[in-house]
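Note that the structure is predicted; figures quoted are calculated from it, not measured. The chains referred to below are lettered A, B, ... by the order of the sequence lines, with proteins before strands, and numbering in each begins at 1. What's counted below: heavy atoms across the whole structure, side chains too, no hydrogens, waters or symmetry copies.
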Amino acid sequence: MERELSEILRVRREKLQKLIDKGINPFPYRYSRTHLSSEIIADFENLSESGQTVKVAGRIISWRGHGKTVFAHLQDGSGKIQVYIRKDDLGEEQFEMFGLFETGDIIGVEGTVFRTRMGEVTIKISGFALLAKSLKPLPEKWHGLKDKEIRYRRRYLDLIANPDVLDTFITRAKIIKKMRDFLDDRGFLEVETPAMQVLYGGANARPFVTHLKALDLDLYLRIADELYLKRLIVGGMEKVYEISKDFRNEGMDRNHNPEFTMLEFYWAYADYRDLMNLVEEMIFSVVTSVLDSDEITYDDNLISMKPPYGRITFADAARKYIGTDITGLGEKKLIDLAREKGLDTDGVTGRGAALDLLSSELVEPKLVQPTFLIDYPIELSPLAKIHREDPGLTERFELFINGLEFGNGFSELTDPDDQRRRFESQARSRLMGDEEAHPIDEDFILALEHGMPPAAGYGLGVDRLVMLLTGNSSIRDVILFPIMKPENPGKGAESSDG
RNA sequence: GGGGGUGUAGCUCAGUGGUAGAGCAUCUGCCUUUUAAGCAGGUGGUCGAAGGUUCAAUCCCUUCCACCCUCACCA
């Protein structure tokens, strides 16, 4: 332990030791506070008039010593408040001990409230306690912490230094709570289904694989909750939902983190039209409860979140935004069309993939105001029921806002024989090299064979909704601990080589 | 995976082929309503890592690592 500490760290250690020498426990057990900082500021008039003693606790985030007085700011979970200590009030010994505190330390103070000449609500300290000594310096007070790598890796510093970050995650919590309340109020039951699955499904994506030693069994981390939730619909749970982490072993960018939060819900005896009404009602209720507004400005687009949202069929959207009726076109013509529009068609095989390419490149980016794109070609929707009016289509919608997908829903396929055919078609795509096509899930088909009521189901990427409602352009800014590569592969990983 | 960028003090950032600077933080002194407190004086750096070129590298070259942006693939 002969490692040399820089002065900045050495001094903190020395102050710690001095406090210990004075008989102070630098890491005590509890502190009874009477107020949060925000409560004192809100209730200033009463508190200052009555002259009552308040107790607050928090981290020292700034410090201004003036000889025989000190001004500092304490930050707690509700905000920050200024505190003021005078040597005359506390006496030499206490004042000197207070001087061993510094930015980063967590302390409790008690005192009366007043306003400084500059008008700031301040606590005049009559007593204090050290609650945790900080041995590392805080990021700089004025510029904050900008380095994204440190912000993501050591989110606690980000939270201390950048107050907006806390706001984002408070909003995130509100959004999820509101979705829960909305569904609970309508009789949906929250359930938990396996995150580790023998067979994955419910979306087109490459899964993570893990291994269960006890059974010597490879398991997949779920890519979607869908197939389990539908088993519950078979079992008579008529309205179910789950908010959970899903895992997809694919690329990462500002819209994608390998683990992300998904809301899925399933509603027996309803179809996709009922579902769209419910979805727009839910989104609207979340937006207005979180924002106090039904409009959002994002990427310089003014978006009205007020229902009803636009509804346009896949075919009409193609006519409108691509200028071609794609209804009857086969794979070849679709790929030609894509090329003609300047799209990269490398690796695109199958009619479904061609349609998907055209839609995601030429249609979806145009859907800025909330819009349901409906009636998808059957090739794109292996779990959706065939359209009641057109066997080439499915009763499926995706919701787009600002050109991004905000969920996917459909009248659920309940015919076990049809489901088998769809799986088999997916299996063929798989053989053709589509790694993301569904594997055949016999166990799920077995469930359907017992009879599943008509139902509609919806899945929503929660992180993206949080991005939209907090104005963040990267998913990493709405996930507390986004995936990062190890910082120093040689340092942390390699231990004693024994 | 391709392309571009970044990495220098705890934080925010300058900078140069001759082993380095500012502001904040920190330390010492003065200061009893300050608030980006002030004034004066200090401390603090294997300049991301490893090689190479050179009398000499933080700077030039090579490789590697991490992060950001972007394209591709996807959700």
Side-chain angles (χ1 to χ4, degrees), chain A residues 4-12 14-15 61-73 80-90 95 102-104 114-122 124 134-154 157-158 160-162 202-206 223-224 246-262 343-348 353 356-357 360-361 364 398 400 404-408 434-436 459-464 473-476 482 484-491:
Chain A
E4 271 200 32
L5 298 173
S6 70
E7 186 190 27
I8 213 160
L9 300 182
R10 184 174 48 77
V11 168
R12 281 176 180 261
E14 285 169 4
K15 286 179 175 173
I61 55 165
S62 68
W63 181 283
R64 295 173 295 284
H66 295 271
K68 296 183 181 63
T69 67
V70 175
F71 284 93
H73 275 97
K80 62 180 182 178
I81 188 160
Q82 181 165 259
V83 299
Y84 172 57
I85 186 168
R86 291 165 56 101
K87 192 173 182 176
D88 285 356
D89 295 343
L90 275 289
F95 186 75
E102 57 200 318
T103 56
F114 72 104
R115 239 186 241 284
T116 62
R117 262 184 236 155
M118 298 302 288
E120 179 161 357
V121 173
T122 303
K124 190 175 180 187
S134 167
L135 299 172
K136 298 280 191 194
L138 242 35
E140 200 240 10
K141 61 182 176 185
W142 187 243
H143 297 93
L145 180 65
K146 288 188 174 172
D147 185 320
K148 288 197 178 184
E149 188 170 352
I150 299 178
R151 291 184 51 210
Y152 297 147
R153 285 190 197 280
R154 299 202 266 161
L157 290 179
D158 193 25
I160 293 166
N162 301 319
N204 295 318
R206 207 173 327 162
I223 59 171
D246 286 357
F247 309 86
R248 298 189 185 176
N249 205 344
E250 294 177 340
M252 298 166 60
D253 60 33
R254 84 165 104 73
N255 292 312
H256 303 269
N257 196 60
E259 59 173 313
F260 62 102
T261 302
M262 181 85 118
L343 302 181
D344 178 8
T345 57
D346 288 356
V348 175
D356 195 35
L357 175 70
S360 48
E361 292 297 322
E364 295 169 15
E398 285 193 6
F400 289 91
L404 257 185
E405 187 207 316
F406 282 83
N408 177 19
D434 181 357
E435 285 183 67
E436 294 171 352
L460 168 69
V462 172
D463 309 280
R464 287 189 182 172
S473 57
S474 169
I475 197 168
R476 312 192 119 204
M484 301 288 280
K485 282 195 193 176
E487 203 166 5
N488 283 317
K491 228 188 210 171

**Request:** Please state whether the phosphate of rC11(B), meaning OP1 or OP2, lies under 4.0 angstrom from any side-chain nitrogen or oxygen of K136(A).
**Result:** no
**C1' atoms of rC65(B) and rC27(B), separation to the nearest Å** = 35 Å
Between the protein and nucleotides 33-35 of chain B, list every N/O to N/O distance that falls short of 3.5 Å.
residue: rU33(B); atom: O2'; partner: R117(A); partner atom: NE; Å: 2.8
residue: rU33(B); atom: O2'; partner: R117(A); partner atom: NH1; Å: 3.4
residue: rU33(B); atom: O2'; partner: R117(A); partner atom: NH2; Å: 3.3
residue: rU33(B); atom: O2; partner: R117(A); partner atom: N; Å: 3.0
residue: rU34(B); atom: OP1; partner: R117(A); partner atom: NH1; Å: 3.0
residue: rU34(B); atom: O2'; partner: H66(A); partner atom: NE2; Å: 3.2
residue: rU34(B); atom: O2; partner: R64(A); partner atom: NE; Å: 2.6
residue: rU34(B); atom: O2; partner: R64(A); partner atom: NH2; Å: 3.3
residue: rU34(B); atom: N3; partner: Q82(A); partner atom: OE1; Å: 2.7
residue: rU34(B); atom: N3; partner: Q82(A); partner atom: NE2; Å: 3.1
residue: rU34(B); atom: O4; partner: Q82(A); partner atom: OE1; Å: 3.3
residue: rU34(B); atom: O4; partner: Q82(A); partner atom: NE2; Å: 2.1
residue: rU34(B); atom: O4; partner: T116(A); partner atom: OG1; Å: 3.3
residue: rU35(B); atom: O2; partner: E120(A); partner atom: OE1; Å: 3.0
residue: rU35(B); atom: N3; partner: E120(A); partner atom: OE1; Å: 2.7
residue: rU35(B); atom: O4; partner: T116(A); partner atom: OG1; Å: 2.9

**Message:** Given a 3.5 Å cut-off on both pairing distances, which stems involving RNA chain B, each at least three consecutive Watson-Crick or G-U pairs, are present, if any?
**Reply:** B:1-7 with B:65-71, B:10-13 with B:21-24, B:26-30 with B:38-42, B:48-52 with B:60-64
**Asked** Distance between the P atoms of rU35(B) and rG44(B), in whole angstroms?
**Response** 31 Å
**side chain to side chain contact (heavy atoms under 4.5 Å, CB included) partners for R115(A), two or more places apart** = F44(A), E45(A), V121(A)
**Request:** Report the residues that fulfil side chain to side chain contact (heavy atoms under 4.5 Å, CB included) with A203(A), sequence neighbours left out, ordered by chain and then residue number.
**Result:** I223(A), A224(A), R248(A)
**Item:** Whole-Å distance separating the CD atom of E361(A) from the P atom of rC74(B)
**Value:** 9 Å
**Prompt:** What is the distance from CG of N408(A) to P of rC74(B), rounded to the nearest Å?
**Reply:** 16 Å
**Message:** Taking any heavy-atom pair under 4.0 Å as a contact, classify E250(A): base, sugar-phosphate, or nothing.
**Reply:** base
**Message:** What contact category does M484(A) fall into here, base, sugar-phosphate, or nothing, at under 4.0 angstrom with non-hydrogen atoms?
**Reply:** sugar-phosphate
**Message:** Tell me which one of L157(A), D158(A), I160(A) satisfies side chain to side chain contact (heavy atoms under 4.5 Å, CB included) with P139(A).
**Reply:** L157(A)
**Request:** Return the value, rounded to whole Å, for the distance between atom CD1 of I61(A) and atom C1' of rC24(B).
**Result:** 15 Å
**Request:** Find the distance between NZ (K80(A)) and CD1 (I61(A)) and round it off to the nearest 0.5 Å.
**Result:** 5.0 Å
**Request:** With C1' as the reference atom in both, quote the distance from rU63(B) to rC73(B) in angstrom, rounded to an integer.
**Result:** 28 Å
**Asked** Of all residues at least two apart in sequence or in a different chain, which pass the side chain to side chain contact (heavy atoms under 4.5 Å, CB included) check with T116(A)?
**Response** F71(A), Q82(A), F114(A), M118(A), E120(A), T122(A)
**Message:** Taking the C1' atom in each of rC13(B) and rG17(B), what is the distance between them to the nearest angstrom?
**Reply:** 23 Å
**Rounded distance in Å between the P positions of rG51(B) and rC74(B)** = 43 Å
**Request:** Starting at atom CG of N204(A), determine the distance to atom P of rC73(B), rounded to an integer number of angstrom.
**Result:** 16 Å
**Message:** One pair to check against side chain to side chain contact (heavy atoms under 4.5 Å, CB included): E405(A) and R464(A). What are the steps and the verdict?
**Reply:** CA-CA 9 Å; E405(A) 187 207 316; R464(A) 287 189 182 172; 4.1 Å; yes
**Message:** Suppose we screen for ring-ring contact (aromatic ring centres under 6.0 Å, His included). Which residues come up paired with H143(A), at least two apart in sequence or across chains?
**Reply:** none
**Nearest-angstrom distance from the residue atom CZ of F95(A) to C1' of rC31(B)** = 11 Å
**Fill in**
When rounded to whole Å, the CE to P distance for the pair M252(A) and rU70(B) reads 14 Å
**Message:** So does L145(A) get a backbone contact from the side chain of N162(A), meaning a donor-acceptor N/O pair under 3.5 Å?
**Reply:** yes
**Request:** With sequence neighbours excluded, tell me which residues meet salt bridge (Lys or Arg N to Asp or Glu O under 4.0 Å) with E102(A).
**Result:** R12(A), K15(A), K133(A)
**Prompt:** Counting only non-hydrogen atoms, which of residues 253-260 of chain A are less than 4.0 Å from RNA chain B?
**Reply:** D253(A), R254(A), H256(A), N257(A), F260(A)
Check nucleotides 43-45 of chain B for protein N or O atoms closer than 3.5 Å to its own N or O atoms and list the pairs.
residue: rU43(B); atom: O2; partner: E7(A); partner atom: OE1; Å: 2.8

**Asked** How long is the span from the CG atom in L9(A) to the CD atom in E14(A), to the nearest 0.5 Å?
**Response** 11.0 Å
**Prompt:** Taking only residues two or more places apart in sequence, or in another chain, which ones meet K87(A) in a salt bridge (Lys or Arg N to Asp or Glu O under 4.0 Å)?
**Reply:** E92(A)
**Request:** Provide the distance between the two C1' atoms, one in rA57(B) and one in rA50(B), to the nearest whole Å.
**Result:** 14 Å
**Request:** Please lay out, stage by stage, how F95(A) and D89(A) fare under the test side chain to side chain contact (heavy atoms under 4.5 Å, CB included).
**Result:** CA-CA 9 Å; F95(A) 186 75; D89(A) 295 343; over 6 Å; no
**Item:** Rounded P spacing from rA66(B) to rG18(B) in Å
**Value:** 31 Å
Enumerate all atom pairs, one protein N or O and one N or O from nucleotides 12-14 of chain B, separated by less than 3.5 Å.
residue: rU12(B); atom: OP1; partner: K146(A); partner atom: N; Å: 3.0
residue: rU12(B); atom: OP1; partner: D147(A); partner atom: N; Å: 2.8

**Message:** For T103(A) and G65(A), find the nucleotide of RNA chain B closest to each by heavy atoms; which residue's nucleotide sits nearer the 5' end?
**Reply:** T103(A)
**Request:** Return the set of residues passing side chain to side chain contact (heavy atoms under 4.5 Å, CB included) with T261(A) (not counting sequence neighbours), or none when no residue passes.
**Result:** R172(A), I243(A), K245(A), V462(A), D463(A)
**Message:** side chain to side chain contact (heavy atoms under 4.5 Å, CB included), that's the test. Do R64(A) and H73(A) meet it? Break it down for me.
**Reply:** CA-CA 9 Å; R64(A) 295 173 295 284; H73(A) 275 97; 3.4 Å; yes
**Prompt:** Can you tell me how far NZ of K68(A) sits from CG of D88(A), rounded to the nearest 0.5 angstrom?
**Reply:** 9.0 Å
**Prompt:** Atom OG of S62(A) and atom CH2 of W142(A): how far apart are they, to the nearest 0.5 Å?
**Reply:** 12.0 Å
**Request:** Drop me the distance from M484(A)'s CE to M252(A)'s CE, to the nearest 0.5 angstrom.
**Result:** 8.5 Å
**Message:** In whole Å, measure the gap between the P atoms of rG38(B) and rU33(B) for me.
**Reply:** 16 Å
**Prompt:** How many Å lie between CG on D158(A) and P on rC68(B), as a whole number?
**Reply:** 13 Å
**Message:** Just the rounded figure in Å: distance from C1' of rU32(B) to CD1 of I85(A).
**Reply:** 12 Å
